[in-house]
Amino acid sequence: MASLLSIQVALPQHCGDAESDEPMDRPWTTGFFKKPVSGQVWLGRTNLDGDGQADLKHHGGPDKAVNAYPFEHYAYWRKQLGIDELPHGGFGENFTVEGLLEAEVCIGDRFEIGDAVVQVSQPRQPCWKLARRWRVKDLAVQVQDNGRTGWYFRVLREGRVGAGDQLSLAEKGDVAWSVARANDVMHRDKNDRQAARELAACSGLSISWRETLQRRAGSGEVEDTSARLEGGG
C-alpha cells in the first residue's frame, strides 16, 4: 500500500529583481516554494487549504487539484543535480508519495486517502519555473525527457488528509494508459496520430490533455512547447 509522506502548500509570491541582467534573477510570480504542513489539511475540489497557483491558465483547477510526486525519484535528482538538500516539495508537489511510480499508476486510478477520494487525471507537465527554482536551465526538459514527472489528481470526494495517510486503491483506471505511457505519447511519440486518438479517448483523462491530443490526431500538427519549457529564461 502506498503512503503520503508529506503535504506541501504555498500561496503565490513575487520573486526576482527587475534590474538584474541574469535571466534567472528577473521578476517572476510563483506558488512553487511549497512548505510542509502538519496535521490534517482540507482537500477541496480545486486545491488544498493554503495552496494557490500563480498561473491559473496552466495550473490548478478541478483536473489539477493536487500535484503528486514519487519520493523514490529524489535520490536520483540529488545525485543528478548535485543538490544534497532537496526537500519534499522540491518539485513543486503537494503530495510526496511513496510506493507509486509512473509506470504503475494509470489514468483514472482512484485512491482513498484520509477522508477524501482522488483520481489520476494526467501526468504533470514540467515548466520553466522548475528550472528557475533550482537554477538549472534545462531541468524542465530533463524531467520531461526522463519521465520522472509525477502526476495530477482530481478530487472526487472532498475531505481531510494528512501526512502518514495511506493511499488505498479503490478502483483501477485504464490499465492501457499508465502515466509513463501517456508521457510517451505526449512527449516522445508526437507524430503517432493513432496513439494520440486512443489516449484522448481515455475516460479519466483531463480536459486539457484530451483537447491537445484531439487536435494532434485530427491535424497532425504538434504543438510548440518551448514557451512552457523555456519561457522564463
Side-chain angles (χ1 to χ4, degrees), residues 2 4 7-9 31-32 34 41-49 51-53 55-70 73 91-97 99-127 129-130 140 143-144 147-159 161 165 167-187 195-217 223 225 228:
L4 175 59
I7 298 174
Q8 292 81 219
V9 301
F32 198 96
K34 300 191 184 301
V41 183
W42 180 256
L43 176 57
R45 290 289 179 183
T46 57
N47 56 25
L48 289 150
D49 267 4
D51 197 47
Q53 296 80 34
D55 178 5
L56 293 176
K57 179 179 179 182
H58 298 104
H59 302 288
D63 278 339
K64 293 183 280 187
V66 179
N67 183 343
Y69 200 72
H73 295 334
F91 284 79
E93 78 270 17
N94 302 112
F95 285 0
T96 307
V97 300
L100 295 172
L101 293 172
E102 290 84 355
E104 305 155 354
V105 173
C106 295
I107 304 300
D109 281 359
R110 297 187 183 197
F111 293 92
E112 295 177 352
I113 176 169
D115 299 327
V117 176
V118 297
Q119 183 182 43
V120 177
S121 59
Q122 66 165 77
R124 186 263 188 95
Q125 288 183 288
C127 76
K129 292 185 178 182
L130 174 60
V143 171
Q144 179 172 288
R148 293 177 172 88
T149 60
W151 56 86
Y152 283 106
F153 287 125
R154 63 170 61 89
V155 178
L156 301 182
R157 185 176 74 209
E158 299 177 319
V161 297
D165 285 346
L167 283 87
S168 177
L169 183 64
E171 183 178 339
K172 193 64 183 171
D174 191 334
V175 295
W177 289 109
S178 67
V179 168
R181 188 175 177 219
N183 269 327
D184 285 341
V185 171
M186 181 63 80
H187 302 304
R197 188 174 295 110
E198 291 174 1
L199 177 54
C202 178
S203 62
L205 191 67
S206 69
I207 293 172
S208 61
W209 268 51
R210 188 185 312 280
E211 290 176 346
T212 295
L213 292 162
Q214 286 173 340
R215 286 194 299 270
R216 190 186 291 181
E223 59 283 349
T225 60
R228 171 172 60 83

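Only this structure's heavy atoms are used, side chains among them; waters, hydrogens and symmetry mates stay out.
A heavy-atom distance below 4.5 Å is found between the side chains of Leu213 and Leu205. The closest side-chain heavy-atom distance from Trp209 to Pro123 is below 4.5 Å. Between Arg228 and Pro126 there is a side-chain heavy-atom pair separated by less than 4.5 Å.
Closest of all the heavy-atom pairs between Gly147 and Asn183 is O-ND2, 4.0 Å. In terms of heavy atoms, Ala116 sits closest to Gly159 at CB-N, 4.0 Å. Considering every non-hydrogen atom in both Ala200 and Gln214, the closest pair reads CB-CG, 3.9 Å. In terms of heavy atoms, Phe32 sits closest to Gly92 at CZ-N, 3.5 Å. Taking all atoms of both residues into account, the shortest heavy-atom contact from Ile107 to Cys202 is CG2-SG, 3.6 Å.
Here the straight-line distance linking atom CG of Leu48 with atom CG of Asn94 works out to 5.0 Å at 0.5 Å rounding. To the nearest 0.5 Å, atom CD of residue Gln8 and atom CG of residue Asn67 are 10.0 Å apart. With values rounded to the nearest 0.5 angstrom, Ile113 atom CD1 is found 10.5 Å from Ser168 atom OG. Rounded to the nearest 0.5 Å, atoms CZ (Phe95) and CD1 (Ile7) are 5.0 Å apart. With rounding to the nearest 0.5 angstrom, the CG atom of Leu130 is 6.0 Å from the CZ atom of Phe91. Residue Glu102 holds its CD atom at 8.5 Å from CZ of Arg148, rounded to the nearest 0.5 Å.
Looking at Arg157, its side chain does come within 3.5 Å of a backbone N or O of Asp115 through a donor-acceptor pair. Judged purely by atom type and a 3.5 angstrom limit, Asp63 uses its side chain to pair as donor or acceptor with the backbone of Ile207.
Checking Glu198 against Trp177 by side-chain atom types alone, no donor-acceptor pair falls below 3.5 Å.
Partners of Ala176 according to the side-chain contact (heavy atoms from CB on, under 4.5 Å) rule, which considers only residues two or more places apart in sequence or in another chain, are Asp174, Arg181. With sequence neighbours excluded, the residues satisfying side-chain contact (heavy atoms from CB on, under 4.5 Å) with Leu156 are Arg110, Val117, Gln119, Arg154.
For the pairing with Met186, the side-chain contact (heavy atoms from CB on, under 4.5 Å) check across Gln122, Arg216, Gln144 returns one residue only, Arg216. Tested against Asp109, the residues Val179, Leu100, Leu169, Leu167 include a single side-chain contact (heavy atoms from CB on, under 4.5 Å) partner, Leu169.
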Does the side-chain contact (heavy atoms from CB on, under 4.5 Å) test come out yes or no for Lys64 and Ser206, once each step is laid out? CA-CA 8 Å; Lys64 293 183 280 187; Ser206 69; 5.7 Å; no

Trace of the salt bridge (charged side-chain N to carboxylate O under 4.0 Å, His left out) decision for Glu93 with Lys34: CA-CA 8 Å; Glu93 78 270 17; Lys34 300 191 184 301; over 6 Å; no

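Classified by interplanar angle (parallel below 30°, tilted 30° to 60°, perpendicular above 60°), the ring pair Phe111/Phe153 is perpendicular.
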